[in-house]
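Down below is the structure, laid out as structure tokens.
Here, residue 1 is the first one in the sequence, and each next residue gets the next number.
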Amino acid sequence: MPTLLFTNARIVDGTAPEPTAPTQVLVEGDRVREVGTAIKSNAETIDLRGRTLMPGLIDCHVHTIAVMADLGRNAMLPDSLVTARATRVLRGMIMRGFTTVRDVAGADFGLKTAVEEGHFVSPRLVICGKALSQTGGHCDFRGRFDDRPAPKTGFSLGSLGRICDGIDEVRRAAREELKGGAEFIKIMANGGCASPTDPIHFLGFSRDELAAIVEEADKAGTYVSAHLYTDEAIRRCVEAGVHSLEHCNLIKEDTARLAAARGAVAVPTQVTYDRLAIEGAALGFPPESVAKVEDVRSAGMEALDIMCRAGLPMAYGSDLLGDMHRHQSEEFVIRGRVLPAHDVIASATATAARLCRMEGLIGTIAPDAYADLIVVDGDPLRDLSLLTAQGQHMPLIMKGGAFVKTTSLN
Ligand SMILES: [Zn+2]
């Protein structure tokens with residue numbers, strides 16, 4: 001089994017406001033074997049000379065198959081083309097230091113299997129299959145004058161979701177996604193920007209439908225993640241037992257406290273609203289969608305502060321589409337304007353690992369964790385922008401004990 005010893009590493013993992021003193025990390029096969037200052041090993045040594053060593057980053061809100069910003073058109077692309085383009089999206093992510101991503105609508109078990117078989121360079125993939133949406137909800141891209149029935153099966157790889165209405169249909173949809181390899185269930189429980197007929201204030205699914213979906217996830221030993229903006233939408237989902245609260249731009253204090261008390265996790269995605277406002281139109285995001293962005297963008301920064309004060313844990317999310325994926329790491333800097341740097345980093349390490357149900361395996365540098373590691377020039381606790389710029393400040397990136405990027409450390 002190949003072994004490798006990193007020496008003079010200052011570990012930054014988001015659990016403390018300062019880097020550790022220089023230490024050693026022994027990698028054996030795909031795992032971290034030992035962390036300490038007196039490791040005896042004749043493994044090949046890499047002297048980091050005081051550089052920062054971090055666990056690979058985790059993004060809990062991505063759409064790896066959203067290869068273009070217009071999601072209605074994305075769904076019409078052939079699977080072969082979407083797959084080819086998705087491999088480029090995934091490669092970009094790992095080269096930015098993200099060694100695990102949670103896909104919250106679209107990616108299927110085939111793509112996850114292809115990643116695990118190692119056909120291309122990619123982060124680990126946690127998937128939910130297709131998101132569940134009601135008729136006229138955030139995954140209904142049919143438009144006002146299109147009354148063709150929504151397909152019940154045979155979804156293209158490029159489609160983010162599927163339509164289901166009524167208790168029986170939502171149960172069947174959830175069960176089919178779980179059967180197909182979904183590791184959690186994603187629902188669209190509020191209006192959204194990208195879809196044509198649902199203003200932000202629309203509430204998705206009845207309370208009975210929400211309860212049925214939560215029960216199906218619960219029976220399978222997993223949880224529900226919901227697309228949400230308004231305080232009312234968030235509250236009814238928390239009350240129904242939804243665990244992962246995506247976006248949360250318009251959350252208020254009482255609801256944030258309730259969500260925290262119920263053990264929920266929020267996944268804000270502020271960077272996508274910033275980018276959609278700036279370049280959405282030029283990249284084909286429809287005009288009616290661009291108009292909705294401002295409804296949630298400005299409130300998003302305040303929401304970060306509200307959730308922090310309420311003690312609601314926040315995981316890292318970016319939610320970018322098409323050519324905007326290159327801004328994935330900028331969420332660090334945006335959150336750093338409101339939140340302490342180590343908390344922002346923890347959102348992409350410890351908190352994210354918990355949400356992915358991979359605690360102890362990812363998001364930490366500890367014995368038995370996967371050797372998903374990034375070396376950073378400088379201290380990201382002092383300057384979060386070191387995590388941006390397409391991995392420019394990351395000379396080494398390792399996933400499962402294998403280097404995906406190596407640059408000389410001189
Ligand atoms: Zn999303």
Side-chain angles (χ1 to χ4, degrees), residues 63-68 70-83 86 103-114 125-192 194-198 202-220 222-228 233 237 240 242 244 246 286 321:
H63 300 287
T64 59
I65 54 81
V67 297
M68 58 195 300
D70 184 334
L71 296 177
R73 287 177 62 207
N74 196 78
M76 319 271 257
L77 295 174
D79 290 359
S80 48
L81 185 58
V82 172
T83 306
D103 188 291
V104 285
D108 66 3
F109 196 67
L111 195 61
K112 183 181 165 82
T113 305
L125 203 49
V126 177
I127 62 162
C128 64
K130 301 303 175 193
L132 278 49
S133 164
Q134 68 162 59
T135 289
H138 185 43
C139 275
D140 194 337
F141 288 93
R142 286 176 297 177
R144 296 263 182 238
F145 306 115
D146 181 353
D147 57 1
R148 284 172 294 181
K152 302 278 183 224
T153 55
F155 311 105
S156 68
L157 180 59
S159 62
L160 268 74
R162 56 187 293 171
I163 310 298
C164 47
D165 298 288
I167 307 287
D168 289 352
E169 270 191 32
V170 302
R171 279 193 195 279
R172 176 182 292 275
R175 289 173 185 177
E176 284 178 355
E177 293 307 326
L178 290 163
K179 168 190 164 291
E183 293 161 274
F184 63 101
I185 294 293
K186 172 75 182 288
I187 61 171
M188 301 304 191
N190 210 183
S195 40
T197 62
D198 56 333
F202 268 33
L203 298 173
F205 294 119
S206 67
R207 285 183 187 268
D208 288 344
E209 287 168 326
L210 293 175
I213 299 165
V214 169
E215 187 187 9
E216 292 305 324
D218 199 44
K219 279 163 54 197
T222 187
Y223 65 91
V224 175
S225 145
H227 160 96
L228 299 160
C237 273
V242 170
S244 181
E246 313 302 312
L321 310 172

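With sequence neighbours excluded, the residues that form a ring-ring contact (aromatic ring centres under 6.0 Å, His included) with H227 are H138, Y229, H247. Partners of R144 by salt bridge (charged side-chain N to carboxylate O under 4.0 Å, His left out), not counting sequence neighbours: none found. Not counting sequence neighbours, the partners of A240 by the side-chain contact (heavy atoms from CB on, under 4.5 Å) test are L210. Checked against side-chain contact (heavy atoms from CB on, under 4.5 Å), T135 has the following partners two or more places apart in sequence or in another chain: D140, R142, I163, D165. In this view, K219 and R175, E215, E216 satisfy the side-chain contact (heavy atoms from CB on, under 4.5 Å) rule, not counting sequence neighbours. Among residues two or more places apart in sequence or in another chain, the side chain to side chain donor-acceptor pair (under 3.5 Å) test is passed with E177 by R162. Legend: residues meeting side chain to side chain donor-acceptor pair (under 3.5 Å) with D218, ordered by chain and number and at least two apart, are absent. Remark: E209 engages I167, V170, F205, S206 in a side-chain contact (heavy atoms from CB on, under 4.5 Å) (not counting sequence neighbours). K152 pairs by the side chain to side chain donor-acceptor pair (under 3.5 Å) definition with E169, not counting sequence neighbours. Applying the salt bridge (charged side-chain N to carboxylate O under 4.0 Å, His left out) test to D198 and every residue at least two apart in sequence or in another chain returns K292. Legend: residues meeting side chain to side chain donor-acceptor pair (under 3.5 Å) with S244, ordered by chain and number and at least two apart, are R102, E246. Every residue meeting the ring-ring contact (aromatic ring centres under 6.0 Å, His included) condition with F184, not counting sequence neighbours, appears here in chain and number order: Y223.
Proximity of V67 to L77: side-chain heavy atoms (C-beta onward) are separated by under 4.5 Å at one or more points. Counting heavy atoms from C-beta outward, D108 and L111 have side chains that approach closer than 4.5 Å.
The CG atom of L157 lies 5.0 Å from the OG1 atom of T83; values are rounded to the nearest 0.5 Å. How far CG of L321 is from CG of D70: 10.0 Å, rounded to the nearest 0.5 Å. Here the straight-line distance linking atom CG of L81 with atom CE of M76 works out to 14.0 Å at 0.5 Å rounding. The CG atom of D146 sits 13.0 Å away from the CZ atom of F141 when rounded to the nearest 0.5 Å. Atoms CG and OG, from N74 and S159 in turn, are 8.5 Å apart once rounded to the nearest 0.5 Å.
The minimum heavy-atom distance linking G129 with A182 is given by the pair N-CB, 4.3 Å. The two atoms that bring L132 and A174 nearest to each other are CD2-N, 4.0 Å, heavy atoms only. The shortest heavy-atom contact between M188 and A131 is CE-CB, 3.7 Å. The two residues V242 and V224 come nearest to each other via the heavy atoms CG1-O, 3.4 Å. Residue C237 comes nearest to L228 through the heavy atom pair SG-CD2, 3.7 Å, listed as atom of the first residue, atom of the second, then distance. When all heavy atoms are compared, the tightest approach of C139 to S133 is N-OG, 3.2 Å.
Of the possible polar contacts, one joining the D103 side chain to the T64 backbone as a donor-acceptor pair under 3.5 Å is found.
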Steps toward side chain to side chain contact (heavy atoms under 4.5 Å, CB included) verdict (C128, I185): CA-CA 5 Å; C128 64; I185 294 293; over 6 Å; no
Derivation of the side chain to side chain contact (heavy atoms under 4.5 Å, CB included) call for K112 and E183: CA-CA 11 Å; K112 183 181 165 82; E183 293 161 274; 3.3 Å; yes
